[in-house]
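Following: one structure in structure tokens, then a few remarks.
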Amino acid sequence: MKSTFRNVLFLCAVTAIAVSCGSISSMQKNHNTVRYQPSPNPLETKGQKIVVNINEAVPAKYFRKDAVVMLQPVFQYEGGYVDLKPMILKGEKVEGEGTVINYKDGGRITYTDIIDYKPGMETGKVFLNPVAYKAKKVNTADKNREDALKNNKGAISLGAVKVAEGINTTSERVSTKGNISIASHNYVKQVAKPETATIFFPVNMSNLDWNFSINKEKDSKNQNDMLIAAVAEKGLPKEVVINGWASPEGEESFNVGLSKRRAETTVNVINAAIDKGLEQKAEKLGIAKNDIKKYIADAKKDLVISSNALGEDWDNFVTYVEASNIKEKNTIVNVVKSQPDKVKREQEIRNMSFVFKELATNVLPYLRRGLIEFHYTAAQKSDQEIGKLAALTPEKLTFDELMYAAYLNHNNATKIKLYKYATENFGSEWTAWNNAGAVSLDLQNYTEAQRYLTVAQKLAPENPTVLNNLGLLAIATQDFDMASNYFNQAKEKGSKEASTNLSLLTLIGGDYEKATEELASRPCSYNLAFAQLMSGSTGNAIKTLDCCIDQTAEVYYLRAVAYARLDDAAGVLENLKSACEMEPAYKATAQKDVEFKRFWNNIEFQTIVTK
């Protein structure tokens with residue numbers, strides 16, 4: 001933009017120019033009687049756009065009958081400006097296109113334009129400096145206010161007005177992470193069903209007690225006798241697997257040690273059972289009593305006994321809870337599945353005092369056990385063995401085992417290494433490429449996600465799992481039409497994740513009431529709270545944020561915004577402090593966020609965002 005335009009835009013050149021303009025000068029002189037009101041105030045973003053609405057009230061006997069006025073707002077922000085579209089107003093005697101303003105009565109007009117939002121516009125301002133000139137007909141050659149000043153004799157600027165300041169960007173706080181689609185592994189854990197026995201232990205104990213109530217209830221002694229009979233009839237299995245478990249309460253390192261001691265007790269039990277079974281077999285074979293000990297020792301020489309101390313049994317905890325009659329079981333399962341930190345997970349469950357007694361009676365005792373498995377056919381690799389091989393020598397794993405290893409691992413950084421290895425060594429398998437792309441999306445590495453998913457699409461162009469992930473990638477790159485196309489294709493082909501992800505587009509598009517309905521099945525989700533807040537249900541939004549399992553910095557910040565809308569200073573300061581402690585970048589954000597404008601001068605607020 002020319003420097004002369006900047007001067008014209010922000011300065012009111014009156015004096016000599018005004019004198020030469022006849023009746024137009026009165027409009028310049030009285031420009032302060034014209035009212036410009038932004039709506040809403042401050043302006044706000046919606047669907048990655050800033051909608052500039054300005055309501056103008058022109059007083060009676062202000063607008064000259066032979067006048068033409070060009071309105072062209074300018075949006076100015078740190079690092080740049082955007083010229084908005086021009087609008088022509090004209091007096092009653094002027095011919096041509098434009099909105100007529102009556103001299104006697106004045107009038108009201110509404111100006112609207114839309115510009116793209118980008119980060120950095122939060123403190124932007126909207127300025128107006130209308131250009132007026134006398135004419136019998138609107139000059140159609142004028143494309144902007146600068147043309148109007150240059151092309152029309154006697155044209156003047158009526159005076160610079162700051163119409164709006166600050167942009168509310170809360171609509172940009174929608175979480176677009178979405179639900180990625182991970183292709184299932186095809187690994188089958190067991191070829192043949194093993195013969196098993198389970199020994200249960202009292203809380204915090206590892207000694208064998210066949211008279212323990214649960215051992216009697218589950219007939220553990222008889223199970224052990226069945227293994228003895230199996231050895232006596234069929235001989236030794238190819239492999240014996242022993243797993244020791246602890247219930248998931250108490251200190252984790254203690255439970256690991258406890259599961260190890262229970263595994264050791266179970267090994268002793270099964271060694272005795274094997275000896276007894278071999279002794280019975282030896283008697284059937286007619287082996288002399290004096291030779292039975294040697295027979296047993298020789299038979300056991302090549303026997304493989306794998307003993308595993310598996311610590312806290314969260315997986316079976318979930319299984320038992322889901323199968324129980326506990327009313328709050330869905331809440332409990334949600335805590336386990338969504339809270340990765342085991343200590344916090346256990347504490348949250350303990351805090352549910354109204355259900356913990358029921359868990360302690362009907363769930364936890366059945367997890368304190370030692371499990372014995374006799375594999376008479378070749379046993380597959382244990383989960384532990386697969387995990388170890390994946391970390392040290394992945395070349396020793398089949399493709400299915402490699403994919404299963406990634407499934408077992410909860411760390412995304414490790415998952416991506418395994419999936420990357422799979423793409424490099426099993427390049428024709430679309431599931432490896434898809435899963436690498438999905439995890440890259442979760443890690444917000446969109447360049448890598450694009451690379452992996454492009455190959456996955458070539459290998460499986462109509463697969464709903466791939467299509468859903470491509471939809472999430474399109475959202476990340478703000479191609480919302482393409483995202484909608486991918487999600488709808490995936491939904492038609494049966495993708496549940498795509499059905500959920502379509503609600504992201506509803507949120508981004510600003511239809512918050514519809515999004516609230518679509519997200520009703522996810523009652524404790526961040527995006528539901530966001531939709532409620534943006535549709536005016538501030539109290540419900542706070543309740544939803546309160547029940548989110550993961551109290552992240554994002555959750556705390558949005559809750560601070562909600563309390564700001566209720567003018568609740570204590571709620572604002574408490575939540576903003578937590579958000580900034582967890583994510584310091586929120587300090588700079590809050591300093592410019594007009595949601596907190598009423599609190600900017602609050603000393604505690606200033607301490608939170610500057611310290």
Side-chain angles (χ1 to χ4, degrees), residues 35-56 73-85 87 110-128 161-176 475 478 480 503-516 519 526-542 545 554 557-568 572 575-576 579 586 588-600 605 609:
R35 294 287 176 257
Y36 301 99
Q37 180 65 40
S39 177
N41 188 12
L43 299 176
E44 61 187 21
T45 58
K46 189 172 184 179
Q48 306 276 312
K49 306 286 185 182
I50 299 174
V51 180
V52 180
N53 283 317
I54 302 172
N55 298 313
E56 179 180 354
V74 175
F75 182 82
Q76 188 177 25
Y77 61 98
E78 292 181 18
Y81 62 87
V82 178
D83 289 326
L84 279 69
K85 69 181 181 182
M87 181 179 187
T110 299
Y111 172 93
T112 300
D113 197 9
I114 300 174
I115 61 175
D116 292 330
Y117 166 78
K118 60 182 180 180
M121 289 183 168
E122 298 86 351
T123 57
K125 303 175 180 66
V126 177
F127 289 96
L128 260 178
V161 178
K162 182 172 69 175
V163 178
E165 181 174 7
I167 306 298
N168 189 324
T169 59
T170 299
S171 70
E172 305 303 312
R173 302 204 176 282
V174 57
S175 173
T176 57
I475 283 184
Q478 299 188 7
F480 304 121
S503 65
L504 298 179
L505 297 177
T506 307
L507 283 174
I508 292 168
D511 192 344
Y512 302 120
E513 292 185 1
K514 181 181 178 182
T516 300
L519 292 165
Y526 172 90
N527 273 347
L528 173 60
F530 174 83
Q532 291 168 331
L533 178 68
M534 298 303 291
S535 60
S537 299
T538 307
N540 286 335
I542 291 173
L545 290 168
E554 184 181 42
Y557 192 91
L558 191 66
R559 189 159 45 216
V561 169
Y563 277 116
R565 294 191 178 186
L566 296 176
D567 203 22
D568 184 333
V572 170
N575 285 281
L576 186 60
Y586 276 126
T589 302
Q591 292 177 49
K592 298 178 181 179
D593 194 336
V594 294
E595 295 276 13
F596 302 123
K597 190 172 183 178
R598 294 190 301 279
F599 304 94
W600 281 346
F605 179 93
V609 300

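In this text the structure is predicted, and so the values were computed from the model without any measurement.
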Is the backbone N or O of Thr170 less than 3.5 Å from a side-chain atom of Glu172, with the two atoms forming a donor-acceptor pair by type?
no
With a 4.5 Å cut-off on side-chain heavy atoms, are Ile54 and Pro73 touching?
yes
Report the distance from atom CD of Glu595 to atom OG1 of Thr589, rounding to the nearest 0.5 Å.
13.0 Å
Please find the pair of heavy atoms, one from Leu507 and one from Ala531, that lie closest to each other, and give the distance.
CD2-CB, 3.6 Å
At what distance, to the nearest 0.5 angstrom, does CG of Leu505 lie from OG1 of Thr176?
10.0 Å
Is there side-chain contact between Leu533 and Leu545, with at least one heavy-atom pair below 4.5 Å?
no
Say whether Lys46 and Tyr512, considering side chains only, have a donor N or O and an acceptor N or O under 3.5 Å apart.
no
From OG1 (Thr538) to CG (Asp568), nearest 0.5 Å:
11.5 Å
Does a side-chain heavy-atom distance below 4.5 Å link Phe599 with Leu576?
no
Atom CD of Gln532 and atom CG of Asn540: how far apart are they, to the nearest 0.5 Å?
5.0 Å
Is the shortest side-chain heavy-atom distance between Gln478 and Asp116 below 4.5 Å?
no
Locate the shortest heavy-atom distance separating Leu528 from Thr516; write the atom from each residue and the value.
CD1-O, 3.8 Å
Between Asn527 (side chain only) and Ser175 (backbone N and O only), is there a donor and an acceptor less than 3.5 Å apart?
yes
Are any of the side-chain heavy atoms of Val174 and Met534 separated by less than 4.5 Å?
no
Just by distance, no angles: are the side chains of Thr169 and Thr45 close enough, under 3.5 Å, to form a donor-acceptor pair?
no
Please give me the minimum heavy-atom distance between Trp600 and Asp593, naming the atom from each residue.
CZ2-O, 3.3 Å
Between Val163 and Val52, does a side chain to side chain contact (heavy atoms under 4.5 Å, CB included) hold up when you go through it step by step?
CA-CA 10 Å; Val163 178; Val52 180; over 6 Å; no
Rounding to 0.5 Å, atoms NZ (Lys125) and OH (Tyr77) come to a distance of 13.5 Å
Quick one, Glu44 and Ser171 - any side-chain contact, counting heavy atoms below 4.5 Å?
no
Minimum heavy-atom distance Glu122-Tyr117, with the two atoms named:
OE2-OH, 3.1 Å
Can you confirm whether or not the ring centre of Tyr36 sits under 6.0 Å from the ring centre of Phe127?
no
Close side-chain approach of Val82 and Ile50, heavy atoms under 4.5 Å:
no
Do Glu78 and Lys592 make a side-chain contact, defined as non-hydrogen atoms from C-beta onward lying under 4.5 Å apart?
yes
Ignoring hydrogens, what is the shortest heavy-atom contact between Asn55 and Thr110? Give both atom names and the distance.
OD1-OG1, 3.1 Å
Could you tell me whether a side-chain N or O of Tyr111 sits under 3.5 Å from a main-chain N or O of Lys85, the two making a donor and an acceptor?
yes
Nearest heavy-atom neighbours spanning Pro42 and Val594
CG-CG2, 3.8 Å
Which of these, Tyr586, Tyr563, Tyr557, sits in a ring pair (Phe, Tyr, Trp, His ring centres under 6.0 Å) with Phe596?
Tyr557
Taking atom CD1 of Ile508 and atom OG of Ser503, what is their separation to the nearest 0.5 Å?
9.5 Å
